[in-house]
Undergrad: 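A single structure is presented below for examination.
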Amino acid sequence: MQKTVSNNVAIAAVADFIKEGRHVILPVKGFSMHPFIIGGKESVELVPPRQAQVGDVVLAWVDGCRYVVHRVISIAPDGKITLMGDGNIIGTEQCTQKDIVATAINVIAPNGKKRPLPNDSNSWKLWNKLKPVRRWLLAVYRRVWL
């Protein structure tokens, strides 16, 4: 017998494991983190949250209603953290440090192979600078590699 639960219920349980100091592997859905995380195929390894830094990929409670795995793109002096998916061309979410449930440290491919998430790497910095042309790059990516 298979039982389905909402993302919010499942991730709340994941948050409890992370509070205990455990590492958790969470499958990722959607296209919002392409090309660094492929939703529906890859998973992320989550660890207890650290102080957020620009470039970190985090699991956070946003808008008071949902969880997302997105990248920190800015931190305001008042502590407000802005998140955006690598595969998004517009749209951001806001949270605070206390809303961050976990920090993602690795991406896990379907074959079980781990690779570190680029957070301060040149590849992510370049990708971030390419926001004005992401739409076209992502279109090519989806047609060629997916």
Side-chain angles (χ1 to χ4, degrees), residues 2-63 65-75 80-146:
Q2 206 172 25
K3 191 172 189 176
T4 304
V5 295
S6 75
N7 275 348
N8 287 350
V9 171
I11 294 175
V14 166
D16 290 339
F17 284 122
I18 291 170
K19 284 177 188 170
E20 294 173 4
R22 299 181 189 192
H23 288 216
V24 175
I25 307 297
L26 183 72
V28 179
K29 297 187 327 184
F31 296 102
S32 69
M33 285 301 291
H34 280 220
F36 295 107
I37 303 171
I38 301 170
K41 294 183 180 180
E42 296 181 319
S43 301
V44 290
E45 181 178 3
L46 301 170
V47 298
R50 60 181 183 217
Q51 187 64 36
Q53 298 175 16
V54 172
D56 285 348
V57 175
V58 298
L59 170 64
W61 178 253
V62 296
D63 302 329
C65 65
R66 63 189 173 104
Y67 289 98
V68 297
V69 173
H70 280 171
R71 193 176 300 274
V72 175
I73 61 167
S74 69
I75 302 173
K80 190 158 279 202
I81 298 170
T82 303
L83 307 173
M84 182 180 196
D86 292 340
N88 293 348
I89 54 176
I90 58 168
T92 60
E93 298 90 15
Q94 305 288 317
C95 71
T96 63
Q97 181 66 42
K98 69 177 181 57
D99 297 321
I100 295 177
V101 175
T103 300
I105 58 169
N106 291 308
V107 177
I108 301 169
N111 64 5
K113 188 173 180 180
K114 289 184 182 182
R115 70 177 190 279
L117 268 164
N119 61 351
D120 61 354
S121 69
N122 290 332
S123 60
W124 180 74
K125 288 176 183 174
L126 173 63
W127 183 250
N128 198 37
K129 289 179 182 177
L130 292 173
K131 273 186 204 169
V133 295
R134 264 190 205 175
R135 165 178 270 142
W136 296 282
L137 294 172
L138 287 166
V140 170
Y141 172 78
R142 286 185 183 124
R143 286 174 180 79
V144 174
W145 282 284
L146 298 181

Undergrad: With heavy-atom distances below 4.5 Å as the criterion, would you say the side chains of Leu83 and Val58 are in contact?
TA: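 A side-chain contact under 4.5 Å exists here.
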Undergrad: Listed by chain and number, what are the side chain to side chain donor-acceptor pair (under 3.5 Å) partners of Gln53, not counting sequence neighbours?
TA: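 So Gln53 forms no side chain to side chain donor-acceptor pair (under 3.5 Å) with any residue.
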Undergrad: Count the heavy atoms of every other residue, nucleotide or ligand shown that sit under 6.0 Å from NZ of Lys131, and state whether that count exceeds 12.
TA: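 Count over threshold, so yes.
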Undergrad: Closer than 3.5 angstrom, by distance alone: can the side chain of Glu42 be matched with the main-chain N or O of Val28 as a donor-acceptor pair?
TA: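 The answer is no, because no donor-acceptor pair under 3.5 Å joins these two groups.
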Undergrad: Run the salt bridge (charged side-chain N to carboxylate O under 4.0 Å, His left out) test against Arg66 and tell me which residues pass, sequence neighbours left out.
TA: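 Arg66 satisfies salt bridge (charged side-chain N to carboxylate O under 4.0 Å, His left out) with Asp63, Glu93 only.
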Undergrad: Could you tell me whether the side chain of Leu46 reaches within less than 4.5 Å of the side chain of Thr103, counting heavy atoms only?
TA: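 Not in contact.
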Undergrad: Starting at CD1 of Ile108, measure out to NZ of Lys114 and round the result to the nearest 0.5 Å.
TA: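 Going from the CD1 atom of Ile108 to the NZ atom of Lys114 covers 5.0 Å.
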Undergrad: List the steps, then state whether side-chain contact (heavy atoms from CB on, under 4.5 Å) holds for Ile18 with Arg22.
TA: CA-CA 5 Å; Ile18 291 170; Arg22 299 181 189 192; over 6 Å; no
Undergrad: As an exercise, state the distance from NE2 of His70 to CG of Asn88, rounded to the nearest 0.5 Å.
TA: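 Output value for this atom pair is 5.0 Å.
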Undergrad: Using every non-hydrogen atom in the two residues, find where Asp86 and Phe36 come nearest and quote the distance to one decimal.
TA: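 Scanning both residues, the minimum pair turns out to be OD2-CD1, 3.1 Å.
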Undergrad: Quick one: list whatever passes side chain to side chain donor-acceptor pair (under 3.5 Å) with Ser43, sequence neighbours left out.
TA: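 In terms of side chain to side chain donor-acceptor pair (under 3.5 Å), with neighbours along the sequence ignored, Ser43 is linked to no residue.
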Undergrad: Look at the side chain of Glu20 and the backbone N and O of Ala15, then say whether any donor-acceptor pair between them is shorter than 3.5 Å.
TA: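 The answer is no, because no donor-acceptor pair under 3.5 Å joins these two groups.
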Undergrad: Would you call Val44 and Ile37 a side-chain contact if the rule is heavy atoms closer than 4.5 Å?
TA: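 With C-beta onward as the side chain, the pair touches.
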Undergrad: Is the backbone N or O of Gly55 less than 3.5 Å from a side-chain atom of Arg71, with the two atoms forming a donor-acceptor pair by type?
TA: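 Yes; judged by distance alone, with no hydrogens or angles, the pair exists.
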Undergrad: Roughly how far, to the nearest 0.5 Å, is the CD1 atom of Ile11 from the CG atom of Leu59?
TA: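 Between atom CG of Leu59 and atom CD1 of Ile11 there are 5.5 Å.
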Undergrad: Could you state the interatomic distance from CE (Met84) to CE (Met33), rounded to the nearest 0.5 Å?
TA: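 Answer for the CE-CE pair, Met84 versus Met33, is 11.0 Å.
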Undergrad: Could you grab the distance from atom CD1 of Ile81 to atom OG1 of Thr92, nearest 0.5 Å is fine?
TA: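 Nearest 0.5 Å value for the CD1-OG1 distance: 13.0 Å.
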Undergrad: Distance check, rounded to the nearest 0.5 Å: Asn106 atom CG versus Ile25 atom CD1?
TA: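 Spacing of CG (Asn106) from CD1 (Ile25) equals 8.0 Å.
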Undergrad: Which pair of heavy atoms, one from Ala12 and one from Tyr67, lies closest together, and at what distance?
TA: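 Closest approach of Ala12 to Tyr67, heavy atoms only: CA-OH, 4.2 Å.
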Undergrad: In the structure I gave you, are the side-chain heavy atoms of Val62 and Asp99 within less than 4.5 Å of one another anywhere?
TA: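 No. Closest side-chain heavy atoms not under 4.5 Å.
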